[in-house]
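Some notes on the structure that comes next.
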Amino acid sequence: MIKSCYKKKKAGKMTTSDKIDKIVTNRWLGLPIFALVMWLVYYIAMVGVGAIATDFTNDKIFGDGFHLFGMDGGYGELAERWGDASTIVDGYDAYVEEHGAAPEGEFTFEVEDEETLEISEETATIEEYEEAVKTLEEIGEEPDPADYGTWIPSIPDLVEKGLDKAGAAEWLKGLVLDGIVAGVGAVLGFVPQMLVLFLLLAFLEACGYMARIAFVLDRIFRKFGLSGKSFIPMLVGVGCGVPGIMASRTIENERDRRMTIMTTTFIPCGAKIPFIAMIAGALFGGSAWVSTGAYFIGMAAIILSGIMLKKTKMFAGNPAPFVMELPAYHWPTIGNVLRSMWERGWSFIKKAGTIILLSTIVVWFTSRFGFVDGSFQMLGEEELEFSLLAKLGSAIAWIFAPLGWGNWQAAVASITGLVAKENIVGTMGILYGGGELSTWQALAVAFTSVAGFSFLVFNLLCAPCFAAIGAIKREMNNAKWTWFAIGYQCGFAYVIALMINQFGLLFTGDVNVIGLIFAIAALAGMIYMLFFKKYKEADKLTSKDLKEKAMTK
């Protein structure tokens with residue numbers, strides 16, 4: 001009846017979606033295109049638009065303040081003249097102090113870059129020194145930006161003035177400024193980058209491309225013992241690990257479902273983005289490769305885990321078949337994309353105002369109070385090693401020493417990350433901030449590139465936050481399986497971070513023989529599990545078994 005009623009205008013012709021899919025779901029081009037798309041997403045979010053907004057938030061709103069609309073009334077030029085002149089004068093004074101005599105002609109002095117902390121040698125002449133002295137006499141004291149244009153003070157400055165007017169005690173000022181404002185501010189500073197990232201991911205989901213990624217990865221996943229259905233929880237887990245774990249309910253096979261639950265949180269969720277951005281910015285110059293690499297590290301961890309776990313009796317068997325409808329490509333509505341971006345962003349902001357706020361208060365108290373000479377008292381910036389938090393961190397720091405970051409600050413940050421992964425940034429903001437250096441500068445001093453990458457990978461792959469652990473317990477519905485999942489995640493993260501640090505030290509020429517032996521042993525064990533150990537057979541009846549059983553009866 002339908003055939004007699006209408007005629008298809010383009011019967012047998014390919015639709016636009018089909019033409020696009022011939023390229024983006026191609027057996028050979030699909031994965032490189034996916035890698036390129038994700039790299040562009042993270043380049044725009046972490047280095048491009050997002051980085052500009054985040055730098056403004058960190059450096060201006062939670063940093064020094066800013067002039068409205070950038071109209072500084074000539075302050076920038078005047079401050080630059082004053083800075084150049086004071087550098088030459090300070091260099092002259094340092095030369096005289098070191099050599100005990102005034103220089104003749106030219107003199108050299110060291111200058112430290114405020115951002116990178118790089119020490120460089122500069123040269124100046126006596127004429128330049130005399131000109132610098134005249135410039136300082138002309139300008140007088142260091143120019144105050146508030147005297148030029150319309151100056152908007154930073155949030156810490158406004159809060160500090162308010163506390164001073166209220167006559168707040170020193171400990172209360174420290175709690176509010178160094179604890180709450182520094183900790184929560186360090187997290188909120190990454191909101192612009194996260195909003196840009198959420199906007200781009202929402203666009204990819206709404207236009208239909210994310211469904212194609214599941215199709216492309218199913219070919220790969222099945223070779224490693226996983227189903228394409230396992231990608232759906234991982235895709236959802238990009239936003240938050242809790243719904244990602246719950247999405248595993250769509251997998252019928254119990255073994256595959258448990259393995260998916262155990263490995264889903266290897267994919268970085270929205271809560272890990274500020275932490276990734278902090279490490280990438282402080283230690284790797286904001287590299288988009290580090291940010292994008294975090295997702296491919298998570299995906300590699302899932303694939304490696306899939307191969308190894310499938311070779312154990314607990315997870316043996318064929319993966320469940322993957323069936324999914326690919327929606328036609330379409331332009332998403334602006335409202336839906338913005339709504340998705342805001343819902344994810346607002347969820348993060350609410351967490352910063354509750355869980356992270358309480359955590360930063362606890363971290364500040366335990367880091368600023370301790371026992372000195374037998375008395376319990378508030379500590380200064382130079383006495384943090386006597387704090388309660390330092391004692392706790394020092395007790396467990398040895399565990400992480402083979403990973404390259406056996407200091408109590410990093411150990412404590414990893415532990416607080418179990419409450420909420422954003423807490424790592426807040427804790428770093430408290431423990432490494434507050435001094436003459438910014439948090440990023442202090443991190444650049446405390447971590448080498450190898451140790452920093454090891455720290456990043458461990459916290460990406462180890463047990464997720466308490467909320468996600470609760471979701472694992474609900475979905476596993478078994479305490480033993482829950483503890484097994486947490487133990488596997490932490491153990492796998494430790495082994496990978498150990499290999500990164502020890503092999504990294506080998507290439508940089510700073511070898512730790514004992515650590516290197518353990519790393520080689522761990523690598524050999526993984527190679528055996530991946531390539532030489534045979535697959536276990538599942539305990540299940542085949543059709544032949546059932547037929548023989550029926551004939552026997």
Side-chain angles (χ1 to χ4, degrees), residues 217-237 241-242 244-267 297-322 418 458 460-464 466 468-499 521-546 549:
L217 292 178
D218 180 60
R219 295 197 197 106
I220 300 171
F221 276 30
R222 292 189 70 82
K223 292 179 181 179
F224 304 119
L226 287 167
S227 164
K229 284 189 176 181
S230 298
F231 179 72
I232 305 303
M234 296 165 197
L235 177 60
V236 176
V242 175
I245 293 166
M246 295 172 67
S248 64
R249 296 175 184 178
T250 59
I251 302 173
E252 299 86 356
N253 187 294
E254 185 68 15
R255 292 184 298 269
D256 289 353
R257 194 175 71 84
R258 283 175 174 167
M259 188 161 62
T260 301
I261 292 170
M262 288 174 56
T263 57
T264 289
T265 55
F266 285 156
I267 290 289
I297 288 170
M299 200 168 294
I302 291 168
I303 291 173
L304 293 176
S305 296
I307 297 173
M308 292 189 294
L309 292 175
K310 272 290 181 179
K311 292 184 178 182
T312 63
K313 194 171 183 179
M314 293 183 294
F315 297 99
N318 294 323
F322 176 65
L418 293 175
F458 177 82
L460 286 178
L461 302 180
C462 74
F466 286 160
I469 290 175
I472 291 175
K473 186 177 185 302
R474 285 196 302 272
E475 295 304 314
M476 289 289 195
N477 198 26
N478 184 295
K480 290 182 180 179
W481 272 106
T482 302
W483 284 111
F484 177 75
I486 295 170
Y488 176 79
Q489 291 165 343
C490 292
F492 184 81
Y494 192 94
V495 168
I496 298 300
L498 173 70
M499 290 192 290
L523 180 61
M526 289 187 67
I527 291 173
Y528 169 73
M529 288 294 295
L530 292 172
F531 300 107
F532 298 103
K533 186 175 175 64
K534 294 182 179 180
Y535 278 96
K536 292 281 185 181
E537 292 297 328
D539 296 328
K540 62 181 182 180
L541 293 173
T542 64
S543 58
K544 185 178 179 182
D545 295 329
L546 291 170
K549 204 169 187 181

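Both backbone and side-chain heavy atoms feed into the values below; hydrogens, waters and symmetry mates do not. Worth saying up front: this structure is predicted, and the values here are computed from it rather than measured. Numbers here are sequence positions counted from 1.
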Polar contact flag, side-chain donor to acceptor under 3.5 angstrom, Glu475-Ser248: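 Checked: Glu475/Ser248 side chains show no N/O donor-acceptor pair below 3.5 Å.
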
Using every non-hydrogen atom in the two residues, find where [X] and [Y] come nearest and quote the distance to one decimal.
X      : Y      : result
Ile267 : Gly298 : CD1-C, 4.2 Å
Val495 : Ala522 : CG1-CB, 3.7 Å
Pro464 : Ile469 : O-CD1, 3.5 Å
Met529 : Ile307 : O-CG2, 4.4 Å

Once rounded to the nearest 0.5 Å, what's the spacing between atom [atom1] of [X] and atom [atom2] of [Y]?
X      : Y      : atom1 : atom2 : answer
Arg255 : Thr312 : CZ    : OG1   : 10.5 Å
Ile303 : Thr263 : CD1   : OG1   : 10.5 Å
Met299 : Leu304 : CE    : CG    : 12.5 Å

Is there side-chain contact between [X] and [Y], with heavy atoms separated by less than 4.5 Å?
X      : Y      : value
Arg258 : Ile472 : no
Phe492 : Met526 : yes
Lys311 : Tyr528 : no
Met476 : Phe484 : no
Trp481 : Ile261 : no

Candidate pair Met259 and Ile302, rule side chain to side chain contact (heavy atoms under 4.5 Å, CB included), full reasoning: CA-CA 9 Å; Met259 188 161 62; Ile302 291 168; over 6 Å; no

Gln489 side chain to Leu461 backbone, donor-acceptor under 3.5 Å: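 No; judged by distance alone, with no hydrogens or angles, the pair does not exist.
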
Whether Tyr488 and Phe266 hold their rings parallel, tilted or perpendicular, with breakpoints at 30° and 60°: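 Plane angle between 30° and 60°, so tilted.
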
